[in-house]
Amino acid sequence: MNIAIMCIGLLGALCIVMGIAVTVQRIKKKQGSGCPTDPKDSLHKYIRAHANTIEFAPVLMVLMYILSQSQMAAWVLWSIILVTVCRFFLVAGLIFPSTMSRPNPIRQIGAGGTYIFGLALCVAVLQLAAG
């Protein structure tokens with residue numbers, strides 16, 4: 001089993017599912033375009049969760065793919081797994097609380113983990129490039 005490729009698939013699925021969720025919210029709210037600014041509004045939360053996923057997932061997926069093409073240290077594999085989990089945490093932390101106006105632990109873990117483990121993947125790619 002190639003865990004890096006599986007995580008790429010999971011991030012890809014997250015992007016697509018979030019796009020579908022935004023479309024469903026738009027249909028429910030009868031709002032074809034634009035974004036409400038109320039941090040309690042479900043469409044606003046879904047749009048932000050989707051946008052944030054689209055901002056980070058492609059870069060992470062490329063890093064994961066590059067790393068999957070060579071032998072990985074255990075810390076690299078764990079970074080791939082944990083950054084993927086953190087992306088799902090971030091989405092949950094944006095959508096499920098009643099408002100986005102206040103920080104919450106799930107969102108903070110998701111964001112912080114994305115930064116930490118995403119940077120770790122960058123380091124791993126740079127190490128790979130350096131030989």
Would you please test Lys45 and Asp41 for side-chain contact (heavy atoms from CB on, under 4.5 Å) and show each step? CA-CA 6 Å; Lys45 294 191 290 185; Asp41 185 271; over 6 Å; no

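- The NZ atom of Lys30 sits 14.0 Å away from atom CD of Gln25, with the distance rounded to the nearest 0.5 Å.
- Residues meeting the side-chain contact (heavy atoms from CB on, under 4.5 Å) test with Ala13, sequence neighbours left out: none.
- The nearest pair of heavy atoms linking Phe117 to Ser79 is CB-O, 3.7 Å.
- Within a 6.0 Å radius of CH2 in Trp78, no more than 12 heavy atoms belonging to other residues, nucleotides or ligands are found.
- Expressed to the nearest 0.5 Å, how far CD1 of Ile20 lies from SG of Cys15 amounts to 11.5 Å.
- In terms of hydrophobic clustering, with Ile, Leu, Val, Met, Phe, Trp and Tyr side chains grouped at heavy-atom distances under 4.5 Å, Val17 and Ile95 are assigned to different clusters.
- Scanning all heavy atoms of the two residues, the minimum distance from Trp75 to Ala124 falls at CH2-CB, 3.8 Å.
- Rounded to the nearest 0.5 Å, atoms CG (Leu94) and CE (Met18) are 8.0 Å apart.
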Extract all donor-acceptor atom pairs below 3.5 Å that involve side chains of residues 64-71 and protein atoms in other chains or at least two apart in sequence.
unit_1	atom_1	unit_2	atom_2	d
Ser68	OG	Tyr65	O	2.7

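- Contact annotation: the side chain of Leu10 approaches that of Phe88 to within less than 4.5 Å [non-hydrogen atoms, C-beta and beyond].
- Within 6.0 Å of CD1 on Ile16 lie no more than 12 heavy atoms contributed by other residues, nucleotides or ligands.
- Other cluster members for Ile54: none, since no ILVMFWY side-chain heavy atom sits under 4.5 Å from it.
- For the atom pair Thr114 OG1 and Leu90 CG, the distance stands at 6.0 Å (nearest 0.5 Å).
- Note on Val76 and Tyr115: same hydrophobic cluster, where clusters join Ile, Leu, Val, Met, Phe, Trp and Tyr whose side-chain heavy atoms are under 4.5 Å apart, directly or indirectly.
- Within 6.0 Å of CZ in Phe56 there are more than 12 heavy atoms belonging to other residues, nucleotides or ligands.
- Across every non-hydrogen atom of Ser42 and Lys29, the tightest pair is OG-CE, 3.1 Å.
- Contact of the Arg26 side chain with the Ile47 side chain is registered, since non-hydrogen atoms from C-beta on lie closer than 4.5 Å.
- When every heavy atom of Leu43 is checked against every heavy atom of Gln31, the shortest pair comes out as CD2-OE1, 3.6 Å.
- Residue Val83 comes nearest to Gly118 through the heavy atom pair CG2-N, 3.9 Å, listed as atom of the first residue, atom of the second, then distance.
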Intermediate values then yes/no, side-chain contact (heavy atoms from CB on, under 4.5 Å), Asn52 and Arg87: CA-CA 9 Å; Asn52 192 281; Arg87 292 312 305 160; 2.5 Å; yes

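- Rounded to the nearest 0.5 angstrom, Cys7 SG and Met61 CE are separated by 10.5 Å.
- Here the CG-CD1 distance, from Leu60 to Ile80, works out to 10.0 Å after rounding to the nearest 0.5 Å.
- Listed here is the closest heavy atom pair of Met72 and Ala4: CE-CB, 4.2 Å.
- Under the 4.5 Å side-chain contact rule for hydrophobic residues, Leu82 and Ile116 share a cluster.
- A heavy-atom distance below 4.5 Å is not found between the side chains of Asp38 and His44.
- Leu14 is connected to Phe96 through a chain of hydrophobic side-chain contacts under 4.5 Å among Ile, Leu, Val, Met, Phe, Trp and Tyr, so both are in one cluster.
- Residues Asn104 and Arg107 meet the side-chain proximity criterion, which asks for heavy atoms closer than 4.5 Å.
- No single ILVMFWY cluster, assembled from side-chain heavy atoms under 4.5 Å apart, contains both Leu119 and Val59.
- Put simply, the side chain of Met6 does not reach to within 4.5 Å of the side chain of Asn2, judged on heavy atoms.
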